[in-house]
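Okay, so here's the structure we're looking at.
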Amino acid sequence: LIAIYRDVKLQAIQELNSRQMVHARQASQGIQNHMEYIISTLDLLARLPVVIAMDADGMRIVSEYQAIHADEVKGVTRVDARGRIVYTVPQAGDAIGRDISYQEHIREIMKTRNAVISDVFMAVQGFRTIAVHVPVNRNGVFDGTLAFLLSFDRIAQKHIENIRIGESGYAWVISQKGFEISCPVPGHVGKNVYDTSREYPDIIAMANEMLKGREGITAYRYGRDRKAKPQSVLKHAVYMPIRIGSTF
């Protein structure tokens, strides 16, 4: 009986992980396609002469675009070749004229002249976001960047909100540096997994593999509310990278 129970349990776990892997692959591909669409749209806007010049018509176009897509595009920013903000919408304090050349993703695009996706960071506009920058060229010469400031949690939710495995399963997305960019646990979004899960070495071990861009299957123990149910719960998980350009 023990042997039969073990075989049945193992088969159930394998079937569970197979279903989870299908969900993960679908979500990963969906988010990847969505981000590629965003980048292509941003690149198209960056080629418009009025946006390159960021004249009155350029300001109107990016302002109207942001207003229409405000649920996931929290802002649109034009940066000059020196890394200074030329225009941003919605308007925010003294953001225009601010030098953001110190930001890692700005340094990267100024060096490579290729589209770049930031990690989660606090924008000078005053909110946590992920920025996607594409180069802007004026007469064939690099003239800065155009960026969308994204609510990545909202984007991810469109592809993972319906993922429910069993009674307690859910999907969770972290950035390449370990910041939680979509998580059902209140207060976790924007924080690093090494802080939020520091008491759970199994989760940290899984995160280490995730941050190497790997995919796999694992199990970990997660403690419940110590006051209510002090015992830990064994969870089965799969993980898969979302590849976007040269990053994930």
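Keep in mind that what you see is a predicted model, and the values were worked out from it rather than measured.
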Looking at [Y], is its backbone amide N or carbonyl O close enough to the side chain of [X] to form a donor-acceptor pair, meaning the two atoms are under 3.5 Å apart?
X	Y	answer
E104	S118	no
N137	G144	no
T112	N114	yes
T88	T77	no
S40	Y37	yes
R198	D195	yes

Any [X] side-chain heavy atom under 4.5 Å of [Y] side chain:
X	Y	answer
R78	M59	no
I242	M35	no
I39	I117	yes
I130	F179	no
M240	R25	yes
I96	Q91	yes
M210	E215	no

**OP:** Report the residue from T41, L45, T145, L42 that forms a side chain to side chain contact (heavy atoms under 4.5 Å, CB included) with V134.
**Re:**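 One option only clears the test, and that one is L42.
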**OP:** Apply the test side-chain hydrogen bond (donor to acceptor under 3.5 Å, both in side chains) to residues N208 and Y194: give CA-CA distance (whole Å), side-chain angles for both, the deciding distance (0.1 Å), then the verdict.
**Re:** CA-CA 10 Å; N208 287 338; Y194 291 105; 2.5 Å; yes
Measure the spacing between [atom1] of [X] and [atom2] of [Y] and express it to the nearest 0.5 Å.
X	Y	atom1	atom2	value
I106	Y102	CD1	OH	9.5 Å
I244	Q32	CD1	CD	7.0 Å
S101	I109	OG	CD1	13.5 Å
D80	D143	CG	CG	7.5 Å

**OP:** Please work out which of the three classes, parallel, tilted or perpendicular, describes the rings of H34 and H159, given edges at 30° and 60°.
**Re:**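 Correct class here is perpendicular.
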Original post:
For T196 and E180, what are the C-alpha separation, side-chain angles and deciding distance, and is it a side-chain hydrogen bond (donor to acceptor under 3.5 Å, both in side chains)?
Top reply: CA-CA 9 Å; T196 60; E180 298 189 32; 2.4 Å; yes
Original post:
Do R243 and E36 sit within salt-bridge range, that is, some charged N less than 4.0 Å from a carboxylate O?
Top reply: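 No, this pair does not count.
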Original post:
Thinking salt bridges, do E64 and R60 make one under a 4.0 Å N-O criterion?
Top reply: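 Answer for the salt bridge query: yes.
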Original post:
Does CZ belonging to R113 count more than 12 external heavy atoms closer than 6.0 Å?
Top reply: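 Enclosed: over 12 neighbouring heavy atoms sit under 6.0 Å from CZ of R113.
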